[in-house]
A.B. asks: 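Before I ask anything, let me first share the structure, which is written out below as structure tokens.
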Amino acid sequence: MTIIPYSVNRKEVWDAFVEASKNGTFLLRRDFMDYHSDRFQDCSLLVCADLSPDDDLQERKLTTRDLMALFPANWDGERRTVWSHQGLTYGGLVVLPDVTQKEMMDMMEAILAYCRDMMQAERVFYKPIPYIYSSTPSGEDLYALFRVGARLSRRLVSTCVPLHNPMKMSTLRIRQAKKAVEHGFYVDRMVEGDTATLREFWTLLEDVLMKYHGARPTHTLEEMSRLMGSFPRNIRLHLVRREKRIVAGAVIFECRKVAHVQYIASGEEGRAFGALDLLFRYLIEEHYSQFDYFDLGTSNEDGGRVLNEGLIHQKEGFGGRAVCYDMYEVDVKEQGARSEEQGARDYIEHSGAPGNSLAPCPLPLAPLSPVPYLDLQRVNASFEPELTAEVTRVIQGGWYLLGRENARFSEAFARYCGARYCVPTGNGLDALTMILLSYRQMLGWGDDAEVIVPSNTYIASILAVSRAGLKPVLCEPRLDDYLINPDGIEGLITERTRAIMVVHLYGRVCDMQPINAIAARHGLKVVEDVAQAHGAAYRGIRAGHLCDAAGISFYPGKNLGALGDAGCVTTDDEALAECIRAMANYGSSKKYVNSMKGMNSRMDEIQAAVLCLKLGRLDADNEARRHVARTYSRSISNPLVTLPQLPADPSENVWHVYPIRTPERDRLRQYLSEAGIETVVHYPIPPHRQQAYSEWNSLSFPLSELIHREILSLPMSPVMTESEVHRVVEVLNAYK
């Protein structure tokens, strides 16, 4: 690729690329950036595909087809430092929506090399554009920064309200807004060209900043007037008045689908009577309701501590959550030395040259005995000789369906979960399907009834909804625990919604209190998919007894695994239990009398006996899994890998899976495989991209797509040895 310095004759193509990019906004257009020219020396760069050496770059007219990225930057010659972009809220590489991780890494290395070799820069400060400003949120530049050895230099925290699914506005903020109205405050907006109003607000802003923070606005009144004149559709001044006097206001930068608060000011009267509460409630609930985010901005005063100690709490009262504005530092001299060393390694490895000072870089550990992802043979061997004895006893007993072993397991597992009833089934998919079919029959749900289900679950959860003749409605997960996001549920509820299906994915129990509260408000049923969370507990209550009913799979690889397919339903609802029991037996509760169109879904006696035996050790096995997970979490230290969060209450996770994330998932998986460590991808293709649901293929669920693209499950079982666990840690920590 070719790096070209920005010049004024590139202005047109620069702005065109910003408009076509996935993360550029009007803040990165040249008219906005150029107001810095009296204070900062612009050294912005354009990244192009390879150009011919014969091209005259001074004369050639570039087009957006030539460009791969833009790098907005300023130069501090005294400190030999490149800033991306000094004076702006953010900077970083501006790229197209289809950029790949490999391209981003190549571009980052090329930019750093240019800064080092052509500008003699010693360091580069990089300010990534926050994900809320991107049309397709991703972390390609963060991954590239880690690969080049960047370190976090500074962190400021903003509070952003997701306008499609905001958290509930606090009672205090609502009360203060009403107080403002009662006091005679009203919301107004400055019209274009009204310099007198801008001057009055700027006087208020300067007074407030000087009085409370000992600071002045970054922009002068003249600069802001010029910027508002240049960007009348992007920079707005919203005000609160009383009897025409300005008592509070906020300058908002409108960036595509994000409304960014650049300046906030409130005088003494405004503070006393909730002027900003009134203003922000209006902007969030009415004026900007069609945007994606309302960004309440950062505070630079005292290194950001003013914001971190006080303003975050206030701003979150408007339904927001924290978003980090980070700055990373790259020592490009050190980066150059590392590149030269790697080049020497590559030469030695590929040419066979003798390595006197630089040896080839082998895998961190020579392959020893393989570390399996899950050795079921070893798991089942740990139950011998009792396991074989139980199977033999059932075989010799001569009764293989709907007998004493089923009754024994039903009673034991219901008691374990705390439920009144347990109905054994042929598998977990049938269990979920029959819960929904029974509710259809008992409650009269129509063919258009909808069930909200997580968008990143295994497809079986969604298949159960479809098999029951109902419509699945997908809800995005939370990225911190990969579970259905309670904040996203209510916005999906319609007059056709009848139920919410939660999936305790990877062994961690969902946040049930807000989900059950939502269901109660709207008269909905809640169904648990407990296939991956046997024994997990939420506030002292075990999964399988957290809502109306639960469908559970005992597939051999589960925490409580049979020797084949098996499942069950748990519930406190007697009528539901009786309906499912009959439905699973051809729709018959009495031999040869069929009260409904049922199915054949029955747990055989061998599986029931095996599960009874293994149930006695389930808590101990889950604790062994927690030990493996704790060791992973405390010992794995690699910036290229995102580890799962440990819950505050260990009982909330039984670690059916230990899921890590990394942008180059397939590369890491191959690396681990070559070291003899087996991993599994749970799951490579999100449900909405499966051919089975081709009607969803054009839909976008960015968080689910990110998870399915990056997730990788490390070896996990209750019989792993300490040496196996530490070997996984050591190999993973050596990954580069």
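Given the structure is predicted, the values throughout are model-derived calculations rather than measurements. Scope of the values below: all heavy atoms of this structure, side chains included, with no hydrogens, waters or symmetry mates.
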A.B. asks: Answer yes or no: are there more than 12 heavy-atom neighbours, outside Glu223 itself, under 6.0 Å from its atom CD?
C.D. replies: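 More than 12 within 6.0 Å, yes.
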A.B. asks: For Glu140 and Thr100, test the side chains for any donor-to-acceptor distance below 3.5 angstrom and give the result as yes or no.
C.D. replies: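 Looking only at side-chain atoms, Thr100 and Glu140 do not form any donor-acceptor pair under 3.5 Å.
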A.B. asks: Is a donor on one side and an acceptor on the other found under 3.5 Å between the side chain of Thr497 and the backbone of Thr494?
C.D. replies: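 At least one qualifying donor-acceptor pair exists.
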A.B. asks: In Å, rounded to the nearest 0.5 Å, how long is the span from NZ of Lys168 to CD1 of Ile174?
C.D. replies: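 Here the rounded value is 7.0 Å.
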A.B. asks: Salt-bridged, Arg199 to Glu222, with N to O below 4.0 Å?
C.D. replies: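 No, this pair does not count.
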A.B. asks: Is there a donor-acceptor pair closer than 3.5 Å between any side-chain N or O of Asn697 and the backbone N or O of His688?
C.D. replies: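 Confirmed, Asn697 side chain pairs with His688 backbone.
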A.B. asks: Looking at every heavy atom in both Pro644 and Pro659, which two are closest together, and how far apart are they?
C.D. replies: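 Residues Pro644 and Pro659, closest heavy atoms: CD-O, 3.1 Å.
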A.B. asks: Is there a donor-acceptor pair under 3.5 Å between the side chain of Ser225 and the backbone N or O of Leu221?
C.D. replies: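 No: the side chain of Ser225 does not pair with the backbone of Leu221.
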A.B. asks: Indicate yes or no for a side-chain donor-acceptor contact from Asn23 to the backbone of Leu93 under 3.5 Å, with no hydrogens or angles considered.
C.D. replies: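 Judged by distance alone, yes, a pair lies under 3.5 Å.
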A.B. asks: Start with the C-alpha gap between Glu664 and Arg147, add the side-chain angles, then the distance that decides, and say whether salt bridge (Lys or Arg N to Asp or Glu O under 4.0 Å) holds.
C.D. replies: CA-CA 11 Å; Glu664 288 191 296; Arg147 291 297 299 271; 3.0 Å; yes
A.B. asks: Which atoms form the tightest heavy-atom contact between Leu209 and Pro217, and what is the distance?
C.D. replies: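 Nearest pair, atom of Leu209 first, then Pro217: CD1-N, 3.6 Å.
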A.B. asks: Does a side-chain N-to-carboxylate-O contact under 4.0 Å join Lys179 and Asp277?
C.D. replies: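 No.
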A.B. asks: Run the ring-centre check on Phe32 versus Phe26 and record whether the distance is less than 6.0 Å.
C.D. replies: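 Yes, ring centres under 6.0 Å apart.
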A.B. asks: Tell me, with the steps shown, if Arg123 and Asp331 meet salt bridge (Lys or Arg N to Asp or Glu O under 4.0 Å).
C.D. replies: CA-CA 5 Å; Arg123 64 187 57 83; Asp331 186 328; 6.0 Å; no
A.B. asks: Can you tell if the side chain of Met1 reaches within under 4.5 Å of the side chain of Cys48, non-hydrogen atoms only?
C.D. replies: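 No, every pair of side-chain atoms sits at 4.5 Å or beyond.
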A.B. asks: Please check this pair: side chain of Arg236 against backbone of Met228, looking for a donor-acceptor N/O pair closer than 3.5 Å.
C.D. replies: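 Looks like no, no N/O pair under 3.5 Å.
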A.B. asks: With side chain to side chain contact (heavy atoms under 4.5 Å, CB included) as the criterion, how do Thr64 and Val13 come out once you've worked through the C-alpha distance, each side chain's angles and the decisive distance to 0.1 Å?
C.D. replies: CA-CA 6 Å; Thr64 53; Val13 70; 4.2 Å; yes
A.B. asks: State plainly whether the residues Glu285 and Arg281 are in salt-bridge range, i.e. N to O under 4.0 Å.
C.D. replies: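 A salt bridge links Glu285 with Arg281.
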A.B. asks: Quick check for you: to the nearest 0.5 Å, what is the distance between Cys43 atom SG and Leu45 atom CG?
C.D. replies: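 Between Cys43 SG and Leu45 CG, I get 6.5 Å after rounding to 0.5 Å.
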A.B. asks: Flag the pair Glu490 and Arg521 as a salt bridge only when some basic side-chain nitrogen lies within less than 4.0 angstrom of an acidic carboxylate oxygen.
C.D. replies: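 Counted as a salt bridge, because a side-chain N and a carboxylate O are separated by less than 4.0 Å.
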A.B. asks: Using only heavy-atom distances, determine whether the side chains of Gln262 and His219 contain a donor-acceptor pair under 3.5 Å.
C.D. replies: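 Short answer, no.
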A.B. asks: Carefully, step by step, assess His164 and Asp292 under the rule side-chain hydrogen bond (donor to acceptor under 3.5 Å, both in side chains).
C.D. replies: CA-CA 6 Å; His164 295 323; Asp292 288 342; 2.9 Å; yes
A.B. asks: For Ile518 and Ile515, run side chain to side chain contact (heavy atoms under 4.5 Å, CB included): C-alpha distance rounded to whole Å, both residues' side-chain angles, the deciding distance at 0.1 Å, then the answer.
C.D. replies: CA-CA 5 Å; Ile518 291 170; Ile515 295 172; 5.6 Å; no
A.B. asks: We want to know whether Glu254 and His260 form a side-chain donor-acceptor pair, criterion being a heavy-atom distance below 3.5 angstrom.
C.D. replies: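 Result is no, nothing qualifies.
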A.B. asks: Quick one: CZ on Arg154 to SG on Cys324, what's the gap to the nearest 0.5 Å?
C.D. replies: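 The CZ atom of Arg154 sits 13.0 Å away from the SG atom of Cys324.
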A.B. asks: Under a 4.0 Å N-O cut-off, is there an ion pair linking Lys102 with Asp106?
C.D. replies: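 Asp106 and Lys102: salt-bridged.
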A.B. asks: Taking atom types as modelled and ignoring hydrogens, do the side chains of Glu710 and Thr662 form a donor-acceptor contact shorter than 3.5 angstrom?
C.D. replies: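 No.
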A.B. asks: Using modelled atom types only, decide if a donor and an acceptor are shared between the side chain of Arg241 and the backbone of Phe185 within a distance under 3.5 Å.
C.D. replies: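 Absent.
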A.B. asks: Quick one: do Asp326 and Arg155 make a salt bridge, cutoff under 4.0 Å?
C.D. replies: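 Salt bridge between Asp326 and Arg155, a charged N being under 4.0 Å from a carboxylate O: yes.
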A.B. asks: With a 3.5 Å distance limit and no angle check, can you tell me whether Thr81 reaches the backbone of Arg79 through a side-chain donor-acceptor pair?
C.D. replies: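 Yes: the side chain of Thr81 pairs with the backbone of Arg79.
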A.B. asks: For the residue pair Cys510 and Val503, what are the closest heavy atoms and their distance?
C.D. replies: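 Looking at all heavy atoms of both residues, the shortest contact is SG-O, 3.3 Å.
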A.B. asks: Between Ser158 and Asp295, do the side chains contain an N or O donor and an N or O acceptor separated by less than 3.5 Å?
C.D. replies: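 Per modelled atom types, Ser158 and Asp295 side chains form a pair under 3.5 Å.
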A.B. asks: Out of Val641, Ile711, Leu712, which residue meets the side-chain contact (heavy atoms from CB on, under 4.5 Å) rule with Arg661?
C.D. replies: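 Option passing the side-chain contact (heavy atoms from CB on, under 4.5 Å) with Arg661: Ile711.
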A.B. asks: If we count only N and O atoms by modelled type, under 3.5 Å, do the side chains of Tyr482 and Arg478 hold a donor and an acceptor together?
C.D. replies: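 Side chains of Tyr482 and Arg478: no pair found under 3.5 Å.
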A.B. asks: Ignoring hydrogens and angles, tell me if any N or O in the side chain of Trp14 forms a donor-acceptor pair with the backbone of Leu28 under 3.5 Å.
C.D. replies: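 Checking the backbone N and O of Leu28 against the side chain of Trp14, a donor-acceptor pair under 3.5 Å is found.
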A.B. asks: Tell me if the centroids of the rings in Tyr126 and Tyr328 come within less than 6.0 Å of each other.
C.D. replies: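 No.
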A.B. asks: Could you go through the side chain to side chain contact (heavy atoms under 4.5 Å, CB included) check for Leu46 and Phe17 one step at a time?
C.D. replies: CA-CA 10 Å; Leu46 298 88; Phe17 191 88; over 6 Å; no
A.B. asks: Which distance, rounded to the nearest 0.5 Å, do you find between the CH2 of Trp75 and the CH2 of Trp83?
C.D. replies: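 Taking CH2 in Trp75 and CH2 in Trp83, the distance rounds to 12.0 Å.
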A.B. asks: In Å, rounded to the nearest 0.5 Å, how long is the span from CD1 of Ile493 to NE2 of His522?
C.D. replies: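 So the gap between those two atoms works out to 4.0 Å.
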A.B. asks: Do Arg30 and Tyr6 meet the cation-pi criteria used here (NZ or CZ under 6.0 Å from the six-membered ring centre, within 45° of the axis)?
C.D. replies: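 Checked: cation-pi criterion met.
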A.B. asks: What do the steps show when you test Phe125 against Val82 for side chain to side chain contact (heavy atoms under 4.5 Å, CB included), and what is the final call?
C.D. replies: CA-CA 6 Å; Phe125 284 94; Val82 174; over 6 Å; no
A.B. asks: Whether Glu269 and Arg245 form a salt bridge (side-chain N of Lys/Arg under 4.0 Å from carboxylate O of Asp/Glu) is what I want to check.
C.D. replies: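 A salt bridge links Arg245 with Glu269.
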A.B. asks: Check for a donor-acceptor pair, side chain of Glu329 on one end and backbone N or O of Ser153 on the other, with a separation under 3.5 Å.
C.D. replies: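 No, the answer is negative, given that no donor and acceptor are paired below the 3.5 Å cut-off.
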A.B. asks: Do the side chains of Val157 and Val323 get nearer than 4.5 Å, heavy atoms only?
C.D. replies: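 SC-SC contact between Val323 and Val157 ruled out.
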A.B. asks: Keeping Ser289 on the side-chain end and Glu286 on the backbone end, is there a donor-acceptor pair under 3.5 Å?
C.D. replies: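 Looks like yes, one N/O pair under 3.5 Å.
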